[in-house]
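Right, one structure below, let's go through it.
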Number of protein chains: 2
Amino acid sequence: MAAPTDRREVILREAAELFARQGVAATTVREIADAAGILSGSLYHHFASKDDIVDAVVSTFLTDLRKRYDEVLSAGGDVADRLRGLVVASLETVADHPRATEIYQNDAHRLAADNGYPYVEESAKAVRAAWVGLLEEGRATGAFRRDVPVKVMYPLLRDGLWLTARWFRPTKAYGHEQLAADYWRMFSSGLTAESTAGSAAKARPGSAA
Amino acid sequence: MAAPTDRREVILREAAELFARQGVAATTVREIADAAGILSGSLYHHFASKDDIVDAVVSTFLTDLRKRYDEVLSAGGDVADRLRGLVVASLETVADHPRATEIYQNDAHRLAADNGYPYVEESAKAVRAAWVGLLEEGRATGAFRRDVPVKVMYPLLRDGLWLTARWFRPTKAYGHEQLAADYWRMFSSGLTAESTAGSAAKARPGSAA
DNA sequence: GGGTACGTAGCAAGCGCTTGGTCGGGACAG
DNA sequence: CTGTCCCGACCAAGCGCTTGCTACGTACCC
C-alpha cells in the first residue's frame with residue numbers, strides 16, 4: 001500500500017493476512033488473487049501452487065528465527081542471559097513476522113504431517129533443542145528450579161511466547177521491548193524460585209510423559 | 001469400540017478427533033462418516049449440518065468449563081487459592097475434553113468470526129472476566145506483583161494452560177494433577193515475586209495495548 | 001405398519017489448477 | 001528513428017474433482 005513494490009510481495013503479504021485470519025485450508029486461491037488485485041489463474045505465474053505460497057511465507061519466518069537463535073546462543077553469557085536472549089529473539093521475530101507466526105502456530109503440525117514440508121519439523125526440533133538445552137543447563141548449575149520438569153517448563157514458555165502473535169498489538173507506549181521485559185520478569189521469577197506458595201515442593205526427578 | 005453405544009456419540013467422538021488433528025475446515029463429512037462406520041448421507045439423520053457437529057462438540061466443552069469456573073469462584077478462599085482453583089479447573093477440563101480443547105484453541109476465533117456461534121464469544125468473555133478479576137484483585141491487595149500489567153499476565157497463563165491439550169499426554173506416573181501442581185508452582189512464583197533477576201523492576205501502571 | 005436408522009445416488013457450488021490468448025514495453029537490426 | 005520481435009504479466013474460460021447436502025428407497029424393530 002505504501003510501496004506497491006513487486007506483485008509477488010503483495011501476493012505474499014495478502015496471503016499471509018488471509019492464512020492467519022481464516023487458516024490455510026479455508027483460504028482459497030481466488031481470495032488471495034482478489035486481495036492482490038489479479039485473477040486466480042494469474043497467481044500461477046508467480047507461484048507453482050497454493051502450497052508454494054504457504055511455503056514461501058513459513059520458510060522465510062523459520063529462517064529468520066533460526067538465525068536469531070544462533071546469534072543468541074553463540075553470543076555466550078551465563079544461562080539466564082542466554083535464555084533471556086531467546087525470549088527477546090522470539091518476540092522480535094513475532095514483531096517482524098506476526099502473520100507468519102500465527103500461521104505457524106495454527107497449522108505447523110498439519111503442515112509437518114502433510115507431505116512436503118520437511119524443514120518445518122526439522123526447525124521445530126532445532127528450536128526445541130535450543131530451549132531444552134538451556135533449561136537443562138540452568139537446572140544442572142542450580143540457576144533454575146529443580147522441582148518442575150523441563151518437559152513442563154519448555155511448553156509453558158514456548159506457548160506463552162508464540163501465542164503473543166494472536167493477541168498482542170504494540171502501541172507507542174507499550175511495544176515488543178516492554179513485552180519482552182515483562183515476560184522475562186515473570187519467567188525469571190517462575191523459573192528460579194524454589195518455593196514461594198503454600199505447596200510442599202520437594203525435589204523430584206525431571207521426567208514427564 | 002469398547003462400547004458401541006449410540007451412533008451419535010461415536011460420530012461426535014470421531015469428528016472431534018478429526019477436527020483436532022486436521023482442523024475443522026480441512027475435515028470433510030465423508031471422513032467423519034467413514035470414521036463412524038456409515039456413509040456421508042447418513043450423517044444427516046443425526047445432525048442438521050457439519051456446523052451442527054462442531055457446535056455440539058464445542059458447546060459441551062464450554063458448558064463444562066463454565067460450570068467448573070463458577071464452582072471455583074463461588075467456593076471462596078483468598079485470591080491465590082481461587083486462582084489456583086482456576087488453574088486446576090482448566091486442566092481438569094482439558095483432561096476431560098482434550099480434543100474439544102484443541103479445536104477451541106485452533107478455531108475459536110474463526111468460529112466466533114463466522115455467523116452462528118454467539119455463545120463462543122460470550123463464553124470467552126466470561127472466562128476472561130474470571131481470570132482478569134482475580135488477577136486485579138490480587139494486584140490490589142498486594143498478593144500479586146504490580147510491575148507487570150494484568151493484560152500481559154492473563155494471556156500468558158491462558159495460553160500456557162490451554163495449549164497443554166496440544167502436547168501433554170498423561171501417564172500413570174505424571175498425570176493432570178501433577179501437571180496442575182507444577183504449573184501452579186511456576187505461576188505463583190512468577191506472579192508474586194517482585195524482582196528476582198537482574199532487571200530494574202519499577203512499579204508501572206497496569207496498562208498495555 | 002409406522003418410525004428409526006441407515007444406504008444409494010446424485011446435485012449445485014466451489015475447489016486448485018491449466019490452457020490459450022492479449023497486451024504493453026524493452027531490445028535490437030536496418 | 002522505425003519496424004519487428006519477444007517475453008513477462010496478466011485475463012478469460014473452463015477442466016476434473018471434491019465439497020456439503022438432499023431426495024428417496026429399504027431393512028428392521030417394537
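Each chain gets a letter, A, B and so on, in the order the sequences are listed, and its residues count up from 1. Because the structure is a prediction, the values reported are computed rather than measured.
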Note to self: Is it true that S189(B) and R145(A) share a donor-acceptor pair across their side chains at a distance under 3.5 Å?
What the structure shows: yes
Margin query: If only side-chain N and O atoms count, and only distance matters, is there a donor-acceptor pair under 3.5 Å linking T93(A) with Y69(A)?
Written below: no
So, is [X] close to the [N] phosphate, meaning a side-chain N or O under 4.0 Å from OP1 or OP2?
| X | N | result |
| --- | --- | --- |
| H45(A) | dA9(D) | yes |
| H46(B) | dC6(C) | yes |
| Y44(B) | dT22(D) | no |

Margin query: A side-chain contact here means heavy atoms from C-beta on lying under 4.5 Å apart; do Y44(B) and V29(B) qualify?
Written below: yes
[X] [atom1] to [N] [atom2], straight-line distance once rounded to whole Å:
| X | N | atom1 | atom2 | value |
| --- | --- | --- | --- | --- |
| D52(B) | dC21(D) | CG | C1' | 13 Å |
| F47(B) | dT4(C) | CZ | P | 17 Å |
| K50(B) | dT19(D) | NZ | C1' | 9 Å |

Next item on the list: Using the test side-chain contact (heavy atoms from CB on, under 4.5 Å), find all partners of R158(B) that sit at least two apart in sequence or belong to another chain.
Entry: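 Scan of R158(B) (side-chain contact (heavy atoms from CB on, under 4.5 Å), adjacent residues dropped) gives W167(A), Y154(B), P155(B), W162(B).
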Notebook entry, point to check: Listed by chain and number, what are the side-chain contact (heavy atoms from CB on, under 4.5 Å) partners of A95(A), not counting sequence neighbours?
Noted result: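 Result, side-chain contact (heavy atoms from CB on, under 4.5 Å) vs A95(A): H176(A).
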Next item on the list: With a 4.0 Å heavy-atom cut-off, tell me which residues in residues 28-42 of chain B come close to DNA chain D, sorted by residue number.
Entry: T28(B), V29(B), R30(B), S40(B), G41(B)
Next item on the list: Can you spot which of V87(B), L135(B), L86(B) makes a side chain to side chain contact (heavy atoms under 4.5 Å, CB included) with L157(B)?
Entry: L135(B)
